[in-house]
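As the structure is a computational prediction, the values presented were derived from the model and not from experiment. Chain naming here is simple, since letters A, B, ... match the order of the sequence lines and numbering starts at 1 in each.
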Protein chains: 2
Amino acid sequence: MDKKALFDKWVAFTTSVHQVTHELTQNAKSDSITPVQYNILEYITVSQPVTPSEISDCQHISMPNTSRELKKLSEKNLIEKVSDSEDRRKQYIHLSKEGEMMMNEAFAIVESRFQSRLQHASKEDLADIERAMDILQTKLFY
Amino acid sequence: MDKKALFDKWVAFTTSVHQVTHELTQNAKSDSITPVQYNILEYITVSQPVTPSEISDCQHISMPNTSRELKKLSEKNLIEKVSDSEDRRKQYIHLSKEGEMMMNEAFAIVESRFQSRLQHASKEDLADIERAMDILQTKLFY
DNA sequence: CTATTTAATTATCATTTGATAACCATAATA
DNA sequence: TATTATGGTTATCAAATGATAATTAAATAG
C-alpha cells in the first residue's frame with residue numbers, strides 16, 4: 001500500500017472514530033452545561049490539577065474565553081480554583097465534589113455504551129483491539 | 001486487561017486521535033467558510049452525491065440549519081444542487097469545480113502534514129499502522 | 001380525489017462561541 | 001527601583017450555531 005492510500009485510509013479511519021465517539025457520547029452530558037464546558041470538564045477530569053493556561057492551550061480556547069467559561073463552571077459549583085502559594089498568579093483547577101459526580105455520571109453512560117458495543121467480542125478480539133490501539137498510539141497518534 | 005481498563009485506554013486513544021486530527025487540519029480550510037460549512041463540504045466530498053437529508057442525519061444538523069448552510073455554500077459557488085427526476089422533492093448535492101479545488105487544496109495541506117508525520121516510519125511501521133487501522137475499523141469503529 | 005407524509009425552505013430568535021482591547025496583580029529582570 | 005513579562009480577568013462585540021414554527025411542493029396512501 002502506498003503512502004497516498006494510507007492517507008485515504010487514515011481519513012476514513014478518523015471519520016469513523018469521530019462518528020462512533022459522537023454516538024457513544026451524545027446526550028451523555030448534563031443539559032446544564034454547554035459542549036465547550038463539557039470539553040473543559042473532561043480535560044480537567046483526566047488531567048487535574050490543571051491551570052487555566054493549560055486549558056487554553058490544550059483546548060484551543062483563548063485565555064479570555066477560557067476564563068469566562070471557568071467562571072461559569074465555578075458559579076455552577078462544578079470546579080474549584082486554588083491559587084499557587086509559590087506563584088500567586090497561577091491557579092490550580094480541579095473538579096468539585098459536584099463536578100466529579102457529574103462527570104462520573106457522564107462517563108458511566110459512555111462506558112456502558114462502549115461495553116455494549118463490545119459485548120460480542122471474544123477475548124482475542126479484545127486483545128487485538130488493545131494491541132491495535134497501542135500501535136496507533138505510539139506510531140501515529142503520538 | 002479487563003474491560004474497564006480497555007475503556008480507559010479507549011478514552012485516551014480517542015483523545016489522541018482528536019488531538020492529532022486537530023493538529024493536522026488546523027488552518028487547512030479556507031477562511032471564507034465556517035467550521036460547520038467545512039465539515040459539510042468534507043462530507044459531500046467523500047460521499048457525493050448526497051441529499052440534504054443525509055447531510056442533516058450524518059452531520060447532526062437540523063434540516064432547517066442544513067438548508068441554510070447549503071444555501072450559503074451554494075451562494076459561494078462551492079456546491080451545486082440537482083433535483084432528482086424521479087422524486088422532484090429530492091436534491092442531489094455535489095461539489096462545483098470551485099468547491100473541488102478548495103477541498104483539494106485543503107486535503108493537500110492535511111496530507112502533507114500527515115506524510116511528514118510518517119517520514120521516519122519504516123515499511124514495517126506502515127504495515128503495522130495499516131493493519132491496526134483495519135482491526136479497529138472492523139472491530140470497534142464500525 | 002382528499003388526506004397524509006416526506007423533502008426541503010424560509011423566517012426568526014436565543015444561545016454559544018470567538019475575537020479583541022484594556023486591565024490588574026504578581027513575578028522576574030535590568 | 002523601574003521595567004518588562006506572565007497569568008489571569010473583565011467587558012464588549014460580532015459571528016456562528018442551534019432551535020422552533022410556519023410554509024411549499026411533491027409523493028403516497030386511503
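Residue pairs that meet the ring pair (Phe, Tyr, Trp, His ring centres under 6.0 Å) test with at least one member in residues 104-123 of chain A, sequence neighbours left out, are A/F114-B/F7, A/F114-B/W10. Screening residues 25-47 of chain B for salt bridge (Lys or Arg N to Asp or Glu O under 4.0 Å) gives no qualifying pairs among residues at least two apart or on separate chains. Note on residues 103-115 of chain B: pairs passing side chain to side chain donor-acceptor pair (under 3.5 Å), not counting sequence neighbours, are B/E111-B/Q115. For residues 50-98 of chain A, the set of pairs meeting the ring pair (Phe, Tyr, Trp, His ring centres under 6.0 Å) definition, not counting sequence neighbours, comprises A/H60-B/H22.
One can place CD1 of A/I55 at 10 Å from P of D/dT9, the figure rounded to the nearest angstrom. Spacing between atom CD of A/E75 and atom C1' of D/dT9 amounts to 13 Å, rounded to whole angstrom units. The interatomic distance linking B/Q91 (CD) with C/dT6 (P) rounds to 18 Å, in whole Å. Between the NZ atom of B/K90 and the P atom of C/dT5 there is a distance of 18 Å, given to the nearest Å.
Here the OG-CD1 distance, from B/S67 to B/I55, works out to 10.0 Å after rounding to the nearest 0.5 Å. We find the CG-CD1 distance between A/L41 and A/I33 to be 5.0 Å, quoted to the nearest 0.5 Å.
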Summary of protein contacts for nucleotides 10-18 of chain C, nucleotide by nucleotide, where a base hit scores B, a sugar-phosphate-only hit scores S (4.0 Å, heavy atoms): BB----SBB
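Dashed line: the shortest gap from a side-chain N or O of B/K81 to OP1 or OP2 of C/dT9 is under 4.0 Å.
A donor-acceptor contact under 3.5 angstrom links the side chains of A/S16 and B/Q137, judged on distance only. For the 3.5 Å distance criterion, the side chains of B/S96 and B/E80 fail to qualify, holding no donor opposite an acceptor.
Across all strands shown, B/T51 has heavy atoms under 4.0 Å from sugar-phosphate atoms exclusively, and none from any base.
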What does the list of N/O pairs under 3.5 Å between the protein and nucleotides 26-30 of chain C look like, with a distance for each?
residue : atom : partner : partner atom : Å
C/dT26  : OP1  : A/R88   : NH2          : 3.2
C/dT26  : O2   : A/R89   : NH1          : 3.3
C/dA27  : OP1  : A/E86   : O            : 3.2
C/dA27  : OP1  : A/R88   : N            : 3.1

